[in-house]
Amino acid sequence: MKHFLCLADLSSDEIWHLLRTARDLKAERQAGRNDPLLAGKALGMIFEKPSLRTRVSFEMAMVQLGGHAVYLSPNEIGLGRRESVADVARVLSRYVDAIEARVYAHRAVEQLAQYATVPVINGLSDFVHPCQALGDILTVWEHRGSVKGQRIAFVGDGNNVANSLLFIGGKLGIDVRVVTPKGYEPHPAVVRLAQEAARQSGAAIVLTHHPAEGVQGADIVYTDVWASMGQEAEAEERKAHFAAYQVNAALMAHAQPDALFMHCLPAHRGEEVTGEVADSPQSVIFDQAENRLHAQKAILAILMSD
Ligand code: CP
Ligand code: NVA
């Protein structure tokens, strides 16, 4: 593994190696402190968009592994405007030992990886959010004791978070149903790739437009905001299109009685999820947020250790 850009690029063995490493680093931290695996190393963090979880969890991951992180805010470097993506990659590579980047266009993170001489980690692009999916499956593993055979219903927009769940589900044998309004389905190329992986793993990848049908018997119900960062202008129009796709108690009643509720956060209570569901005992949203830290420590340790 040279970079961490998209889970579709990893084998199931590589994903499991990351998950086991995350589990071990979490246990080590909970028992005291992590070994300073990244002492003297630095991570450059490029953000074209806002962030709470990604920024803080990457920074704390570096601190807990004995290294440093340098935060570069959206206005700081003007990726592709003040300076070309290629030059940013080549310059940063002279200062830091790895680069994490949250970008608008997925192409930008691919270009960073093309020109950087250090590992590049995708901290969210318009296409995928692989760090999120890794932390999410760590959360599923902890709560369920297993991963293969779990059934996730993702309800809402066929967006970056849905795409990463499709990729990781297909690789690890998790059934993924994506429930969207018409016109908001994941891209057919993403579905095809996930289905190809699913043929090996035994997962079922299903798209539907019917919330109750999609959620029926699910072990996990997952949702995300209806308008992602960069889609603010469409927010009002989307509210109308997605109104029937809210995850509320009535929809959760179609899932398994002990189904987990998941959300990558930030959440808009009253829109894609009711407060009742988001703050219910079935909700594991803050475990997901915590597990970003442990999952990313695994990514950093594997990519950056000597
Ligand atoms: N889930 C997630 O990536 O959160 P942030 O946008 O706050 O980083
Ligand atoms: N789909 C959301 C995820 C935020 C973590 C977005 O891209 O804004």
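What you are looking at is a predicted structure, and each value in this text was computed from that prediction instead of being measured. Quick note: residue numbers are just sequence positions, from 1. Counting starts at 1 for both ligands and their atoms, in listed order.
Of the polar atoms of M229, none of the N or O atoms is found under 3.5 Å from an N or O of ligand 1, judged by distance alone. In terms of polar-atom proximity, C264 is counted as a contact of ligand 1, with an N or O under 3.5 Å from an N or O of the ligand. On a distance-only criterion, S228 and ligand 2 share at least one N/O pair closer than 3.5 Å. Remark: ligand 1 and Q132 share an N or O pair separated by less than 3.5 Å (distance only, no angle test). In terms of polar-atom proximity, defined here as any N/O pair under 3.5 Å, V161 makes no such contact with ligand 2.
Salt bridge present: D258 and R144 bring a charged side-chain N and a carboxylate O closer than 4.0 Å. Look at E271 and K239 and you find a salt bridge, because one of the NZ, NE, NH1 or NH2 atoms lies within 4.0 Å of a carboxylate O, short of that distance. D306 has a carboxylate O that lies under 4.0 Å from a charged side-chain N of K41, or vice versa, which qualifies the two as a salt bridge. A salt bridge links K26 to E142: at least one charged side-chain nitrogen sits closer than 4.0 Å to a carboxylate oxygen. A salt bridge does not link E196 to R192: none of the charged nitrogens lies less than 4.0 Å from a carboxylate oxygen. Checked for salt-bridge contact, D279 and R269 meet the test: a charged N lies under 4.0 Å from a carboxylate O.
With a heavy-atom cut-off of 4.0 Å, L124 touches ligand 2 through its side chain alone. With a heavy-atom cut-off of 4.0 Å, L124 does not touch ligand 1 at all. The side chain of R292, and not its backbone, has at least one atom closer than 4.0 Å to an atom of ligand 1 (non-hydrogen atoms only; side chain from C-beta on). For N160, every heavy-atom contact with ligand 2 shorter than 4.0 Å involves the side chain, none the backbone.
Assignment of Q288 to the shell around ligand 1 is not supported, since no heavy atom sits closer than 4.0 Å.
E14 and D9 make their closest contact through OE1-O, 4.3 Å (heavy atoms, listed as atom of the first residue, atom of the second, distance). Here the closest heavy-atom approach between residue V155 and residue T223 is recorded as O-OG1, 2.6 Å.
With Y71 as the aromatic partner, R55 meets the cation-pi criteria of under 6.0 angstrom to the ring centre and within 45 degrees of the ring axis.
Between Y184 and F242, the distance from one ring center to the other falls under 6.0 angstrom.
Atoms of ligand 1 lying under 4.0 Å from any heavy atom of L52, numbered from 1 in the order shown and given with element: 5 (P), 7 (O), 8 (O). Counting atoms of ligand 2 from 1 in the listed order, those under 4.0 Å from a heavy atom of L265 are 5 (C).
For atom 3 (O) of ligand 1, the nearest non-hydrogen atom from the set H129, H263, R53 belongs to H129. Considering only non-hydrogen atoms, atom 5 (P) of ligand 1 lies nearest to R102 out of K49, R102, R55.
Atom 3 (C) of ligand 2 has D224 OD2, 3.6 Å as its closest protein atom, hydrogens excluded (heavy atom only). Looking at atom 8 (O) of ligand 2, its nearest protein heavy atom turns out to be M229 N, 2.8 Å.
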